[in-house]
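Working notes for the structure below.
The chain is numbered in sequence order, starting from 1.
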Amino acid sequence: MIGNDASTIPSTIINYLSAIRGRTGNFPLRLRVGGNSMDSSVYVPELATPMLQNATTAANANNQPVNYGPMLWKVMKKVADDVGGAKYLIEIEASEQFFPLLEGLSLLDPNNPNVPEFRTVADRLANTSAGNLLNLKNLGGPTVCCVWNLDVLLQGGYLAAFHGILKYIS
């Protein structure tokens, strides 16, 4: 849908996103990257092109895993530049190298979120090559999905434990 690299982004996509961006006023367009397939997709730093490569694992209608590399960040930046501003909400596996362009990060497995899992992932973000990402308060989660109830997670102490580092609860 968005091309194989920064030079093959279809103009129809840029026109469409620009039209939406034109309605946001002073706010950037917010785009979510990923979904269920992000849980089993793999960042491959050596993958230059294409932007995405079908993974060899079994896929189904709800899970289309891919391998992706640095070209994804270049395409996302180009789209943001071309539409006059965009921010991205992506899964954590991809985030550290492209953090300045992100609107937020979704840190939990949407199929089975829990407070200890979030703590483990959040703790890793305190010491990254880009510094302490928790200080940026760009974290979001959980993404409501599938077989669990948000009330259970909130009653389990999620909000109380992480209110100081969260930007979103989605």
Side-chain angles (χ1 to χ4, degrees), residues 1-39 41 43 45 47-52 64 66 68-110 113 115 118-119 121-146 150-151 153-154 158-170:
M1 176 174 119
I2 204 162
N4 285 323
D5 58 45
S7 67
T8 61
I9 303 168
S11 60
T12 52
I13 293 295
I14 297 300
N15 291 341
Y16 175 72
L17 294 175
S18 294
I20 296 170
R21 169 62 182 92
R23 294 176 176 264
T24 65
N26 292 329
F27 299 102
L29 185 63
R30 292 189 175 128
L31 302 169
R32 179 177 179 227
V33 177
N36 287 349
S37 61
M38 195 61 175
D39 295 339
S41 292
Y43 180 71
L47 181 62
T49 189
M51 176 176 60
L52 303 175
Q64 304 281 324
V66 297
Y68 58 100
M71 184 58 68
L72 177 62
W73 314 137
K74 293 175 185 174
V75 169
M76 290 168 58
K77 180 167 184 349
K78 177 92 166 91
V79 168
D81 291 345
D82 288 355
V83 302
K87 296 282 186 171
Y88 297 91
L89 176 63
I90 64 171
E91 299 289 335
I92 189 62
E93 293 85 355
S95 65
E96 182 180 335
Q97 297 184 26
F98 208 62
F99 204 77
L101 193 58
L102 300 179
E103 177 63 19
L105 307 172
S106 177
L107 297 180
L108 290 176
D109 175 357
V115 172
F118 192 92
R119 171 58 62 205
V121 175
D123 286 348
R124 285 193 316 231
L125 295 176
N127 185 20
T128 74
S129 62
N132 184 346
L133 301 183
L134 298 178
N135 290 338
L136 299 175
K137 296 190 179 177
N138 258 10
L139 305 178
T143 301
V144 177
C145 175
C146 311
L150 181 60
D151 291 340
L153 190 65
L154 294 176
Y158 175 79
L159 187 57
F162 303 109
H163 73 279
I165 62 172
L166 291 173
K167 182 174 185 173
Y168 293 108
I169 294 181
S170 57

With rounding to the nearest 0.5 Å, note down the distance linking CD1 in I13 to OG1 in T8.
-> 11.5 Å
Can you see which heavy atom on P10 is nearest to which on G3, and at what distance?
-> CD-N, 4.0 Å
Partners passing side chain to side chain donor-acceptor pair (under 3.5 Å) against T49 (at least two apart in sequence or in another chain) = none
Smallest separation among heavy atoms of V75 and A6, with atom names = CG2-N, 3.6 Å
Quick one: salt bridge (Lys or Arg N to Asp or Glu O under 4.0 Å) partners of D5, sequence neighbours excluded?
-> none
Rounded to the nearest 0.5 Å, how far apart are CD1 of I20 and CG of N15?
-> 11.5 Å
Closest heavy-atom pair, L52 versus Y68, reported as atoms and distance to 0.1 Å, is CD2-CB, 3.5 Å
Main-chain N/O of R30 paired with R21 side-chain donor or acceptor, under 3.5 Å = no
What residues form a side chain to side chain contact (heavy atoms under 4.5 Å, CB included) with I14, not counting sequence neighbours?
-> I9, S18, V79, D82, V83
Could you tell me the separation between the CE atom of M71 and the OG atom of S7, rounded to the nearest 0.5 Å?
-> 7.5 Å
